[in-house]
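Notes follow the structure.
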Amino acid sequence: MKEKIIVALSGGVDSSVAAALALEAGFEVVGVTLRLKHPDPAFSSAQLCASKSDEEAIDLLVRKLGIEHHYLEGFDRFREQVLLPAANEYVSGRTPNPCCNCNLLVKFGMLVDFAEQIGAAQVVTGHYARIAEQNNVFSLLRGDDPNKDQSYFLYRLTQRELSRLRFPVGQLRKEEVRRIAAGLGLSTAQKADSQDACFQVEGECFGETLRRLCNLESKKGRFLYQGKTVGRHNGIHLYTIGQRKGLGVALGVPGYVSAIDPESGDITLDTEEEKLLSCSFEVRNVSWQSGFPPEGDELEVQIRYRSRSVLCRIGRNGDRVTVTPAVPLRAVTPGQAAVFYRGATLLGGGLICC
RNA sequence: AACCCCAUGGUGUAACGGUAGCACAACUGGUUUUGGUCCAGUUAGUCUAGGUUCGAAUCCUGGUGGGGUUG
């Protein structure tokens with residue numbers, strides 16, 4: 001009797017290969033695809049998770065592999081748990097990272113629930129990350145392809161999820177994944193990498209889409225530079241710390257957002273990179289996957305996706321963690337995830353608060 | 001009202017009378033599971049009407065617009 005596992009299929013090459021590898025390894029594979037699409041056409045010009053062309057690719061793949069497959073409707077949960085909170089963050093002048101919440105609260109939550117429902121022991125996805133186990137404690141590691149590593153987005157996963165997860169492409173490089181897909185004759189082999197947010201309307205920034213969706217007001221105000229008003233903007237949700245593009249203000253040298261005041265709506269610009277550097281910051285809602293790291297441990301912190309992690313020291317400060325990076329970090333942004341690593345091992349993370 | 005100064009892409013500026021260039025902004029593309037950063041490329045200008053000159057952003061005259069001084 002083969003062991004039953006579920007594989008999350010997005011329609012992309014990574015999950016296709018993950019499914020194929022699971023089949024090869026001798027599992028009974030049940031494909032699952034989450035539908036997170038908004039029913040309203042005003043939001044459906046978007047390239048959404050599991051959009052129509054993705055579903056065609058998925059149907060083709062499922063037939064090719066000869067596996068059972070289910071769609072799970074997740075939009076309501078996605079809206080409640082991810083979109084609404086993210087929209088609130090944006091209009092409060094912070095920059096949320098909805099993917100981190102989505103992974104714990106929607107994607108892996110639903111997948112693990114479904115796995116339990118149908119009696120599947122494990123959940124396979126096409127993420128670029130790895131899982132290690134020691135004495136029945138699971139830890140998350142960076143994917144082996146440094147350009148594709150997605151562990152940052154998974155920092156909120158707990159032992160409940162990790163103990164059931166397998167990431168077969170986490171030890172591969174993207175080129176190898178494509179080669180495997182091509183070798184197996186999978187139609188997704190040449191498919192472009194998925195690019196936009198799950199919830200991106202063409203020609204509109206993510207914060208604005210969320211604001212419209214949730215019907216929220218955003219504070220408008222001035223651009224300030226060296227104490228002077230140099231322009232006006234249409235809402236603080238459109239801007240993030242360190243942002244250069246889209247300001248519409250010509251200062252003669254590049255200008256960057258250095259502060260957002262949600263009370264007045266004022267956005268402060270700076271032209272000197274040094275003004276954007278932080279020597280220390282606080283993190284809240286911190287979760288550790290196997291406890292607070294021992295004193296004196298050499299840690300690294302990563303403050304946004306695709307930025308390098310840097311050595312740091314951390315200290316407890318009530319229920320917050322104070323982080324002191326070895327080198328000052330540029331554009332530390334409230335609302336973004338600060339994720340801690342020791343080498344390739346992800347230790348935990350939280351939300352930057354100041 | 002008189003006198004003086006100024007007028008170059010969306011913004012700020014450069015060009016001895018000899019191919020109007022730079023920075024920022026904007027747009028497009030690359031990178032990207034958030035927002036950004038970063039990289040590459042593109043668009044776009046001599047206020048106006050005359051004159052001098054082989055040739056005018058540049059010199060001359062009038063107009064228009066902006067700033068300043070005087071009363």
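In what follows, every chain begins at residue 1, and chains take the letters A, B, ... in the order their sequences are listed.
The phosphate of B/C38 has OP1 or OP2 within less than 4.0 Å of a side-chain N or O from A/Y256. The side chain of A/Y305 contributes an N or O atom lying less than 4.0 Å from OP1 or OP2 of B/U33. Residue A/R304 places no side-chain N or O under 4.0 Å from the OP1 or OP2 atom of B/U32.
The separation between A/R306 atom CZ and B/G35 atom P is 13 Å, rounded to whole Å. Computed from coordinates, the A/F78 CZ to B/U34 P distance equals 12 Å when rounded to whole Å. Across the protein-nucleic acid pair, A/Y239 atom OH and B/G36 atom C1' stand 13 Å apart, rounded to whole Å. Distance CG (A/N97) to C1' (B/U32): 12 Å, rounded to an integer number of Å. With rounding to whole Å, A/I303 atom CD1 is found 12 Å from B/G35 atom C1'. Regarding A/K245, its NZ atom lies at a distance of 10 Å from the C1' atom of B/C24, rounded to whole Å. Whole-Å rounding puts the A/I241 CD1 to B/G36 C1' distance at 11 Å. Atom CG in A/L251 sits roughly 14 Å away from atom C1' in B/G10 (whole-Å rounding).
In this structure, B/C3 and B/G68 make a Watson-Crick or G-U wobble pair, each of the two defining distances being under 3.5 angstrom. Across every strand in view, B/G63 sits in a pair with B/C47 that passes the Watson-Crick or G-U test at under 3.5 angstrom. Pair check for B/A23 finds B/U11; Watson-Crick or G-U wobble, both atom distances under 3.5 Å. Pairing for B/U28 is with B/A40, a Watson-Crick or G-U wobble pair whose two hydrogen-bonding atom distances lie under 3.5 Å. Pair assignment for B/A56 gives none, since no Watson-Crick or G-U wobble pairing has each distance under 3.5 Å.
For a distance-only test at 3.5 Å, the side chain of A/Q243 fails to qualify as a donor-acceptor partner of the base of B/U37.
Heavy atoms of A/G248 sit under 4.0 angstrom from primed sugar atoms or phosphate atoms, though from no base atom. Heavy atoms of A/L238 sit nowhere under 4.0 angstrom from any nucleic acid atom. Among the heavy atoms of the strands, none lies under 4.0 Å from A/G335. Nucleic acid contact class of A/V257 (heavy atoms, under 4.0 Å, all strands): none. Using a 4.0 Å heavy-atom criterion, one finds that A/Y90 contacts the sugar-phosphate atoms exclusively. Using a 4.0 Å heavy-atom distance criterion, A/S307 is classed as making no nucleic acid contact. Across all strands, A/P96 comes closer than 4.0 Å to base atoms (heavy-atom distances).
Rounded to whole Å, the separation between the P atoms of B/U52 and B/A14 comes to 31 Å. For the P atoms, the distance from B/C47 to B/G65 is 16 Å, rounded to whole Å. The separation of B/C16 from B/C59, taken at their C1' atoms, amounts to 13 Å, rounded to a whole angstrom. Annotation: B/A40 and B/U13 have their C1' atoms spaced 25 Å apart (nearest Å).
Note: A/F108 and A/H127 have tilted aromatic rings, judged against thresholds of 30 and 60 degrees for the angle between ring planes. A/Y305 and A/Y152 have tilted rings, their planes meeting at an angle from 30° to 60° on a 0 to 90° scale.
Position along RNA chain B of the nearest nucleotide to A/N147 versus A/T240 favours A/N147 as the more 5'-ward residue.
With A/Q289 as the fixed residue, the side chain to side chain contact (heavy atoms under 4.5 Å, CB included) test singles out one of A/L154, A/V137, A/L162, A/T345: A/L162. With A/R156 as the fixed residue, the side chain to side chain contact (heavy atoms under 4.5 Å, CB included) test singles out one of A/N101, A/N103, A/N285: A/N101. For the side chain to side chain contact (heavy atoms under 4.5 Å, CB included) with A/I6, the lone residue among A/V123, A/V112, A/T125 that qualifies is A/V123.
Closest to the side chain of A/R330, from the set B/U32, B/U37, B/G35, is B/U37. Among the nucleotides B/U34, B/G35, B/U33, the one closest to the side chain of A/K148 is B/U33. Here the side chain of A/R244 is nearest to one of B/C38, B/U33, B/U11, namely B/C38.
Residues A/V17 and A/V177 share a closest heavy-atom pair of CG2-O, 3.4 Å.
The shortest side-chain heavy-atom distance between A/N88 and A/L216 falls under the 4.5 Å cut-off.
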